[in-house]
Amino acid sequence: MRRLAPFALLASTAALAGLVWLTTSESGLHTAARLAEGASGGQLHIEPASGRLLGNMEIGQLRWQGADLQVEASQIHLDWSPSALLQGRLDMAELRIANLHITSNANSPPSPAPTDLRLPVAVNIQKIAVGTLRHGDAFTAT
């Protein structure tokens, strides 16, 4: 058992170093974006991302392609505090989206009304701005 202790320490140190790199570097942000894309089965696509997961980040374009819903957002700026998630809060100093376009499949049945509107975490957003919001071809707000 004593022989395994150095290996366990080395593995723990390597895992911690990987987590620090993933959350505090731009290359870690790029890797996290690719992992999220892969985990979504191709439904999520993120184009040029800069910054870091822990703090400020910029995303050139984010697209979600589901069976009944498509969401496309461009020029996204996010300044958030991910550590607040440990206390069950989502804290954002600022969320800016230049263009947000939501399209739903006209042939899909309407979603049922939710029975509970409570979010799984408390949300605190100090500043949010959307330059242009479009829903399909029927609605545009600037």
Side-chain angles (χ1 to χ4, degrees), residues 1 4-142:
M1 194 66 160
L4 296 179
F7 295 113
L9 179 61
L10 181 62
S12 297
T13 302
L16 181 60
L19 183 62
V20 168
W21 165 77
L22 188 68
T23 59
T24 62
S25 70
E26 191 162 311
S27 60
L29 174 63
H30 294 164
T31 300
R34 296 303 155 257
L35 288 171
E37 288 178 346
S40 74
Q43 292 181 302
L44 176 67
H45 184 71
I46 301 169
E47 290 182 10
S50 63
R52 55 195 180 98
L53 281 176
L54 293 180
N56 293 333
M57 72 176 81
E58 306 278 339
I59 299 173
Q61 188 171 44
L62 184 143
R63 286 192 307 271
W64 174 265
Q65 178 77 34
D68 297 325
L69 181 71
Q70 297 83 41
V71 178
E72 187 171 328
S74 63
Q75 298 176 9
I76 303 163
H77 169 79
L78 175 63
D79 181 4
W80 71 313
S81 177
S83 62
L85 291 172
L86 298 173
Q87 286 87 39
R89 294 188 332 266
L90 175 59
D91 286 345
M92 290 186 204
E94 182 176 17
L95 173 61
R96 254 188 353 254
I97 304 171
N99 298 293
L100 179 59
H101 187 193
I102 302 168
T103 306
S104 52
N105 185 347
N107 297 328
S108 65
S111 299
T115 58
D116 186 359
L117 293 176
R118 285 181 289 184
L119 297 173
V121 296
V123 177
N124 177 27
I125 303 175
Q126 294 177 11
K127 181 179 178 184
I128 186 168
V130 177
T132 301
L133 171 64
R134 293 184 323 177
H135 187 271
D137 294 328
F139 175 78
T140 300
T142 56

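Starting from 1, each residue takes its place in the sequence as its number.
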>> Quick check: closest heavy atoms across P82 and L54, and the distance to 0.1 Å?
In response: CG-CD2, 3.3 Å
> Is there a side-chain contact between L85 and L90 (heavy atoms, below 4.5 Å)?
Replying inline: yes
>> Once side chain to side chain contact (heavy atoms under 4.5 Å, CB included) is applied, do any residues pair with A33, and if so which ones, sequence neighbours excluded?
In response: I46
> Which residue pairs pass the salt bridge (charged side-chain N to carboxylate O under 4.0 Å, His left out) test when at least one of the two sits in residues 32-47, sequence neighbours left out?
Replying inline: R34-E37, E47-R63
> Does any pair with a residue in residues 68-80 pass side-chain hydrogen bond (donor to acceptor under 3.5 Å, both in side chains), and if so which ones, sequence neighbours excluded?
Replying inline: E58-H77, Q61-E72, S74-N99
>> Filter on side-chain hydrogen bond (donor to acceptor under 3.5 Å, both in side chains), then keep only pairs touching residues 115-127, sequence neighbours left out; what's left?
In response: D116-R118
>> If I compare all heavy atoms of L100 with all of A73, which pair ends up nearest, and what's the gap?
In response: CD1-CB, 4.0 Å
> Once you round to the nearest 0.5 Å, how far does CD1 of I128 lie from CD of E94?
Replying inline: 10.0 Å
>> How long is the straight-line distance from CG of N56 back to CG of L78, given to the nearest 0.5 Å?
In response: 8.0 Å
What side-chain donor-acceptor pairs closer than 3.5 Å can you find for residues 133-142, not counting sequence neighbours?
| from | atom 1 | to | atom 2 | distance (Å) |
| --- | --- | --- | --- | --- |
| R134 | NH2 | H101 | ND1 | 2.5 |

> Is any side-chain heavy atom of L95 closer than 4.5 Å to a side-chain heavy atom of V130?
Replying inline: no
>> Can you give me the closest heavy-atom contact between A36 and L44, atom names plus distance?
In response: CB-CD2, 3.9 Å
> Between NE2 of H30 and CG of L35, what distance do you get to the nearest 0.5 Å?
Replying inline: 13.0 Å
> With sequence neighbours excluded, what pairs up with S81 under the side chain to side chain donor-acceptor pair (under 3.5 Å) test?
Replying inline: S83
> Looking only at heavy atoms, which two atoms of L53 and A32 are closest? And how far apart?
Replying inline: CD1-CB, 3.7 Å
> So, do L62 and I76 sit near enough that their side-chain heavy atoms are less than 4.5 Å apart?
Replying inline: yes
